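Below is one structure, written out as structure tokens, with a few remarks after it.
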Amino acid sequence: MSNAGQPGKPHNSAHGSGEDIPAALRDTPDAAPQRGLRVIFLIAAGILGFVLIAGLSGFIFSLTASRQAKEGETKSQVNPDQTPVENTDNTTQALLGHLPYPEAPESDLVPIPGHPRLRLRRAAAEKFHLMVQDARRSGVNIVPISAFRSEQEQKQLFFGVGAQRNQTPAQRAALSAPPGYSEHHTGYAVDIGDGNTPATNLSENFEKTKAFAWMSQNAAKYGFELSFPRDNQQGVSYEPWHWRFVGDRDSLETFYKARNIKPKQQ
Ligand SMILES: [Zn+2]
């Protein structure tokens, strides 16, 4: 507003004498321009209000749209009623119950000591070796059966073996992940057996071995956990032999980021 008027000039208003009116208004030259300015002010405020409301609703719309576009996002989203709802659809990317995983970079894959053909990511291999050594001191014989697998190898396991056994993809997926969807691609997953009872290899009976009992008690100390316990929320069949490394940031993000866990209510 203008400050160019004559200070102190009285004008007609309900406030009576000009001295009662705030300085900013008192500075207004006379009543007629003041009305004009009020009208302009009201129009400007109206336009500003409209722009704000339009902008805000556009922002909310784009926010909602971008949230809905994000696959695997497990945060709450805004529904048409503006009521936050829990998005439990964390299996958007799943294929027959299995989640997609990238192949480990070749440069980070190292053999498990004593097993030149079985490779894990460096951090996982080191902790796995330490774990096996500690178990051995307790008289438990943990042996790795399978570790890193490429998509090509998984392709043979899924389609090749599936064809030999006359299994449909759904039947096959209960036992093996489709190529591109195996935790073994990450270089963090390892199938283990009990060296003293090889007959239990890759069978549910492995859960009755000393190796499984020892792992259940101690694996977390080395950053390993069972990927598919009984009745896991991913719906994959129980695999007591299949363990994954979650002991560093990259492995944790690989298995947990934005999926595979339920959002926590506050
Ligand atoms: Zn496995």
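This one's a predicted model, so the numbers in the text were calculated from it and none came from an experiment. Order of appearance sets the numbers: ligands from 1, and atoms from 1 within every ligand.
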When you measure from the Zn ion (ligand 1) to each N, O or S atom of His242, which atom gives the shortest distance?
-> ND1

Looking at Asp191, the N/O/S atom that lies nearest to the Zn ion (ligand 1) is called OD1

Kindly give the atom name of the N, O or S atom of His184 closest to the Zn ion (ligand 1).
-> NE2

According to a 4.5 Å side-chain heavy-atom criterion applied to Ile, Leu, Val, Met, Phe, Trp and Tyr, with indirect links allowed, do Val110 and Val143 form part of one hydrophobic cluster?
-> no

Side-chain donor-acceptor pair under 3.5 Å between Glu153 and Ser150, yes or no?
-> yes

Indicate whether the side chain of His242 and that of Glu183 have a donor and an acceptor atom separated by less than 3.5 Å.
-> yes

Short question: side chain of Glu103, backbone of Glu151 - any donor-acceptor pair under 3.5 Å?
-> yes

